[in-house]
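Only one structure is covered here, and it is reproduced in the block below.
Nothing fancy with the numbering, it's 1 onward along the sequence. Both counts, for ligands and for their atoms, begin at 1 and track the order of listing.
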Amino acid sequence: MTADTTGVQTETTSASETNTTTQTSSNFIKTIINEDLKNNKNGGRVQTRFPPEPNGYLHIGHAKSICLNFGLAKEYPGGKCNLRFDDTNPTKEDVEYVDSIQEDVRWLGFDWENRLYFASDYFEKLYGFAVELIKQGKAYVCSLTGDQVREHRGTLTQPGKDSPDRDRSIADNLDLFARMRAGEFADGTYTLRAKIDMSSPNINMRDPAVYRIRRFHHHRTGDAWCIYPMYDFAHCFSDMLEGITHSICTLEFEDHRPLYDWFLDQVKVPCHPQQIEFARLNLSYTMMSKRKLLELVKTQTVAGWDDPRMPTIAGMRRRGYMPESIRAFCEAIGVAKANSMVDMGLLESCVRDELNKHAQRIMAVVKPLKIVIENYPEGKVEEVDGINNPEDPTAGSRKIPFSREVYIDQDDFREVPPKGYYRLSPGKEIRLKFAYYITCQKVIKDEKTGEIIELRCTYDPASRGGTTADMRKVKGTSHWVSAQHAVEAEVRLYDHLFSTPNPAEAEDWKSILNPKSLEVIHNCKVEPGMRNAVAGTRVQFERTGYFCVDSDSKPGKPVFNRTVGLRDTWAKIEKFQKG
Ligand code: ATP
Ligand code: MG
């Protein structure tokens, strides 16, 4: 999409953009928007926003909200989506988060163009709306302490009690509120509260706080303010000021909607956005609470916000997930009104689908077992053709060196093969992928420990390319790396960070951490083309899984993160053996 010089997105550009968007399935939010468009509500405009609080990195739950909000803007002609930082609580916010959030939204494939906003930019206007409420007798300065406010609030079954300051005069309220802003009072001494209804069945309507005194340096406004607006007050007015038509948020704000509407109804406003709630994403074996994720980072339980085990966008990027997979996942889970738990397996299957199409295949042996091919000439090196990606005919092939000594994976050999085991075992013949047939002749063991040191094999010179002249069939195929050409690599195997499917429910998350969430394997062997692989490169280790080159890699010392394993079903294995 492009914007003209006034920053207004033109109909034609967005219409063509819509054409390039894959058709997405319907949901109840689209039904609402379609109805609004039919009635020409908002003059036919669709404008959404993604409003993160910059107090942590974005996670997969945010991705759902991003795909929804930016996706709707893309789908409707002339649609727009703002990126707005909801930075009204300076105690937990940081520019590091502001930067990372922008990077992550862009990486996911979305563009806010020139519509980057900060709620803090509206502080002066918000203050004005508060003054207007006071002038109308709809807000008052309250001197109750936090504890007293709680005592006065009542319960779900009992009405609340009025604050003794509820009938303070408008003039006194204006004076006190101005002095709150001027810094005359200590933190917590006064709050500004909306005067609504202390006996409302909806507790959010029992004179909620609008402003509180809090001396805290703000990452954008510095020390200009010592009073900060509350979320419910700031959010609806921010939406209104930006001309948002549909303000989409998660289910826990449903009971706040009357308050959202109340604030906007008290003040003369040019538009009244509609709040619509949807169910937040919960994903098994992980959790989405930013507070708990921050704790994981601070306690160094993980290596940082971008640790590949984290449910963060940064973590998933480092792990090798493609943005297309995350978008496909968000589309697949849909938008619902009821909270539910989505299986991590669904996300992983979206990740596999995309990588299968795009990742270059390479030979890599994670747990090496040496093989000496006794009848292969010493010193000879051949180059065999490796198909880069059987799913993508345009990906071509590459040369892989082959020699007398190769490594295969320890898993591909059994001295005593179980029934149905078609890989290498004494006396058995297998195919080395893209190369020759080999037969295991002898197992060499350490005399003391009995550990297998290497295998002695023979090869059939007539089987180059993986088929023999007499069409003799073998059932097993192994990947391999030529020993003298192999590049040593470190491989990091990841598993779920938590050992229970719903860690958010656990009282103490530390007790349910999965002790095997990271296994680091050194001395893995990868084909020589990977010597100086660039961080972020995504590959498939033939027959093992998808991996991504980590930023910890050094020239000649690549480090790989396992993104996700291959589905190791017999169907898959057999398909490989045929191919
Ligand atoms: P906080 O407790 O800090 O408010 P939050 O998860 O609500 O945490 P925000 O930065 O306020 O974080 O979220 C930005 C937007 O992302 C909000 O509109 C919120 O509704 C949405 N969002 C957050 N978590 C999820 C989730 N798990 N699923 C779907 N949307 C989410
Ligand atoms: Mg929030």
A quick test of your reading: do over 12 heavy atoms of other residues, nucleotides or ligands sit less than 6.0 Å from NZ of Lys125? no
Are a donor atom and an acceptor atom from the side chains of Glu348 and Tyr321 found within less than 3.5 Å of each other? no
Arg49 versus His235, side-chain donor and acceptor atoms under 3.5 Å: yes
Part of [X] within contact of ligand 1 (heavy atoms, under 4.0 Å):
X: Glu53; result: both
X: Asn55; result: side chain
X: Ser289; result: neither

Strictly under 4.0 Å, does any heavy atom of [X] approach an atom of ligand 1?
X: Phe50; value: yes
X: Phe278; value: yes
X: His59; value: yes

Are any of the N/O atoms in Glu252 less than 3.5 Å from those in ligand 1? no
Return the option from Glu277, Met287, His62 holding the heavy atom at the smallest distance from atom 23 (C) of ligand 1. His62
All heavy atoms of Lys30 vs all of Ser25, minimum pair found to be NZ-O, 2.6 Å
Looking only at heavy atoms, the pair that brings Leu281 and Met288 closest together is O-CG, 3.8 Å
Strictly distance-based, threshold 3.5 Å: is any side-chain N or O of Thr221 a donor or acceptor partner for the main-chain N or O of Ala224? no
N-O pairing of Lys357 and Glu354 below 4.0 Å: yes
Which ligand 1 atoms does Thr250 reach within 4.0 Å, using its non-hydrogen atoms? 20 (O), 29 (C), 30 (N), 31 (C)
Ser65 heavy atoms within 4.0 Å reach ligand 1 at atoms 16 (O), 21 (C), 30 (N)
